[in-house]
Amino acid sequence: MSKATDELFKNVISHAKEYGFVFPSSEIYDGLSAVYDYGQNGSELKNNIKTYWWKSMVQMHENIVGIDAAIFMHPTTWKASGHVDGFSDPMIDNKDSKKRYRADQLLEDRIAKYEAEGKTEKAAQLQQEMDDALKAENLPRLKELIIEQEIACPVSGTRNWTDVRQFNLMFSTQMGAVADDADVVYLRPETAQGIFVNYLNVQKSGRMKIPFGIAQIGKAFRNEVIARQFIIRMREFEQMEMQFFVRPGTQKEWFNKWKETRLKWHLALGTAPEKYRYHEHTKLAHYADAAYDIEFEFPFGFKEVEGIHSRTDFDLSQHQKFSGKKMQYFDPELGEDGKPYGNYIPYVIETSIGLDRMFLLTLINAYEEEDLSTEEKQDSRTVLRLHPVLAPVKAAIFPLTKKDGLPEKAREIMDKLKLDFNIQYEEKDAIGKRYRRQDAIGTPFCITVDHQTLEDNTVTIRYRDTMTQERVPADDLEKIIGDKVSWKNVLK
RNA sequence: GCGGAAAUAGCUCAGUAGGUAGAGCAUCAGUUUCCCAAACUGAAGGCCGCGGGUUCGAAUCCCGUUUUCCGCUCCA
């Protein structure tokens, strides 16, 4: 990260706090690591991003519907999805090299070594002991095994180990009033499973026919080993996901279609295309047969914002296995051989975008420190060039001075506009200062009421991006603003 | 989790031979102002991150702790 971009990123973070976009969580108690709150302008912007996504995914596709599943889910869900076994790793650190290892992998390496040396009996015995310890979640026993086997750190060569600790991706809590092991439930680490477990409900109640999609926006929770870089990696975050169910064999074409559709969604906001790129996963997760990320160039480099994954029939098959409920779909359409496609478990294409990352992307992309200096005077302004559909406040209305009936007239105009748009009224400070304050939160229009307004009911409208102004009839404002902030501009 | 750095008003920061805290901007109340920030007057605002120790006395020295930043480590 260069000094200039480093500086820019820091400025965006303090701007976000200063203007009510993002605050550190529980700040009066020194904050809570990697948790953030959205402020008065941040929540407006976030809601607008959600609306844009929801409209373009659900409203614009007649074969996609939206749901809102609970964060708590039956614990078996996470056994089926692979989260319980796959993401609770026993970790151990070497105190000298400061390197961290998975305790089970250190032992696996030793087993492999025994096998290579032909000591199969020793290998089998250790394997058994390790499996027992893992099964019983006996962490001290794992450490004993590492000590007994005299396993040394490959880097430092020492056997100076910390205790074995469990790294759990998922947050757990108790469901009942009385704490009991049987009542442990997890806070979902991804929203996707809420869609998969409702696949049958939605398909039947909505009489959905393959191909169809289920969309959802919601919170998810992950215990990150290390969470940093502002809201890029948070412990509590929000996802906007859509699972698209397709006929087996057609996943590749649907994958390509969604890959393109999703990038278009990003570009429709007017972001420079060179800021985006695709990143192909070469190492695929256990459930995927293809995966692309859409990455955005943040000040600290390209980072994933959205993933498009071909998840095969893994999830539905797993849920069928664990729940005993048939996840099959009967496809009556005739294939090339003139026979119906019949029963199958659908394949799934997932589009999953991090709302908080999208939020940060939007803020960084919009943020500009503009130098307005002339020969006589040094001047600058900070402006958020947000797309008008996303701007938290659509227009601000100012009386030029706070006397002569101008405030009353301004409020009268505002009362009409506020029925359609989020409007702010300000009468304090010099007019220029008020303009600049609105620039800082990305308000696209400022409307000023002056003495002429009292005579002919015209006002000046000042544009954020160009800082130019025009005189227009007050009665035209609804249409002028409405045209610019209409969702049509980005959905078409 | 490890190592390094930092923490003083809402923000940016001053404040060392240890002696009861200061500026600019922002805020609030007025004045002025008919269109692009920093005009005038006044006011308010500070467990100097938190806890302990040394000292007659600590923002300042020592120890611990929390949070943030930078590296490393981990990551679907």
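Every chain is numbered from 1 and lettered A, B, ... according to where its sequence line falls, protein lines coming before strand lines. Model, not experiment: these values are computed from the prediction.
- Rounded to whole Å, atom P of B:rA29 lies 7 Å from atom NZ of A:K402.
- Only one option out of A:R464, A:R385, A:R462 pairs with A:D439 in a salt bridge (charged side-chain N to carboxylate O under 4.0 Å, His left out); it is A:R462.
- Residue A:I431 contributes atom CD1, which lies 18 Å from atom P of B:rU32 at whole-angstrom precision.
- Look at the P atom in both B:rG24 and B:rU41: the space between them is 11 Å, to the nearest Å.
- Distances were taken from every side-chain heavy atom of A:H451 (C-beta onward) to each of B:rC75, B:rC34, B:rC69; the shortest belongs to B:rC34.
- Side-chain proximity of A:R436 to B:rA76, B:rA37, B:rC35: nearest is B:rA37.
- In this structure, A:R471 places its CZ atom 15 Å from P of B:rC34, rounding to the nearest Å.
- Nucleotide B:rG42 forms a pair with B:rC28, judged by Watson-Crick or G-U wobble geometry with both contacts under 3.5 Å.
- For the C1' atoms, the distance linking B:rG64 with B:rA76 amounts to 38 Å, nearest Å.
- The gap from the P atom of B:rG10 to that of B:rC50 amounts to 13 Å, rounded to the nearest Å.
- Ion pairing between A:R311 and A:E190 holds under the 4.0 Å rule for side-chain N and carboxylate O.
- Ring geometry, A:F296 versus A:Y276: the interplanar angle exceeds 60°, so the pair is classed perpendicular (tilted spans 30 to 60°).
- Within the 4.0 angstrom heavy-atom criterion, base atoms lie near A:T460.
- Counting non-hydrogen atoms of neighbouring residues, nucleotides and ligands closer than 6.0 angstrom, the OH atom of A:Y367 exceeds 12 such neighbours.
- Residues A:T468 and A:I13 each lie close to RNA chain B; by heavy-atom proximity, the contact nearer the 5' end of the strand is made by A:T468.
- Contacts of residues 347-364 of chain A with RNA chain B (heavy atom under 4.0 Å): none.
- Distance alone, capped at 3.5 Å, places no donor-acceptor pair between the A:D415 side chain and the A:K418 backbone.
- No contact: A:Q452 has no heavy atom under 4.0 Å from any strand.
- A gap of 14 Å separates the C1' atoms of B:rG46 and B:rC13, to the nearest Å.
- As the counterpart of B:rU67, B:rA6 is assigned, both hydrogen-bonding distances of the Watson-Crick or G-U wobble pattern falling under 3.5 Å.
- Atom C1' of nucleotide B:rU67 and atom CG of A:D37 are separated by 15 Å, given to the nearest angstrom.
- Rounded to a whole Å, the OH atom of A:Y19 is 13 Å from the C1' atom of B:rU27.
- When Watson-Crick and G-U wobble pairs are counted only if both distances are under 3.5 Å, B:rU12 pairs with B:rA23.
- Electrostatic pairing of A:R411 and A:E408 does not count as a salt bridge here, judged by no charged N lying under 4.0 Å from a carboxylate O.
- For A:L400, counting side-chain heavy atoms from C-beta on, the closest listed nucleotide (B:rU27, B:rC35, B:rA26) is B:rC35.
- With respect to the salt-bridge test (charged N to carboxylate O, under 4.0 angstrom), the residues A:E236 and A:K219 qualify.
- If you check distances only, the side chain of A:E18 never reaches the base of B:rC11 with a donor-acceptor pair under 3.5 Å.
- Contact annotation: A:R437 side-chain N/O to B:rU27 OP1/OP2 distance is under 4.0 Å.
- Remark: A:K10 is not in phosphate contact with B:rC69, judged by side-chain N or O atoms under 4.0 Å from OP1 or OP2.
- For the residue pair A:T191/A:Q239, the side-chain donor-acceptor check at 3.5 Å is satisfied.
- The backbone N or O of A:K259 lies less than 3.5 Å from a partner atom in the side chain of A:Y278, making a donor-acceptor pair.
- Across B:rA59 and B:rU8, the matching P atoms stand 15 Å from one another, rounded to whole Å.
- If you take CG of A:D429 and C1' of B:rU31, they are 14 Å apart, rounded to a whole angstrom.
- With both pairing distances under 3.5 Å, B:rG18 is matched to nothing as a Watson-Crick or G-U wobble pair.
- Separating the C1' atom of B:rA39 from that of B:rG49 is a span of 38 Å, rounded to the nearest Å.
- With both ends at atom P, the span from B:rG1 to B:rU65 equals 11 Å, rounded to whole Å.
- Contact check on A:K479 versus A:D483 returns a salt bridge, with a Lys/Arg side-chain nitrogen under 4.0 Å from an Asp/Glu carboxylate oxygen.
- Judged by Watson-Crick or G-U wobble contacts below 3.5 Å, the nucleotide B:rU60 has no partner.
- The side chain of A:K428 places no N or O atom within less than 4.0 Å of a non-bridging phosphate oxygen (OP1 or OP2) of B:rU27.
- The listed nucleotides are B:rC36, B:rA26, B:rC35; the one nearest the side chain of A:T448 is B:rC35.
- Judged by atom type and distance alone, A:R233 reaches the base of B:rC75 through a side-chain donor-acceptor pair under 3.5 Å.
- If you take CZ of A:R462 and P of B:rC34, they are 20 Å apart, rounded to a whole angstrom.
- Rounded to whole angstrom, the span from the CZ atom of A:F237 across to the P atom of B:rA76 amounts to 13 Å.
- In this structure, of B:rU33, B:rC36, B:rC74, it is B:rU33 that holds the atom nearest to the side chain of A:K403.
- Going from the P atom of B:rA5 to that of B:rC11 covers 25 Å, rounded to whole Å.
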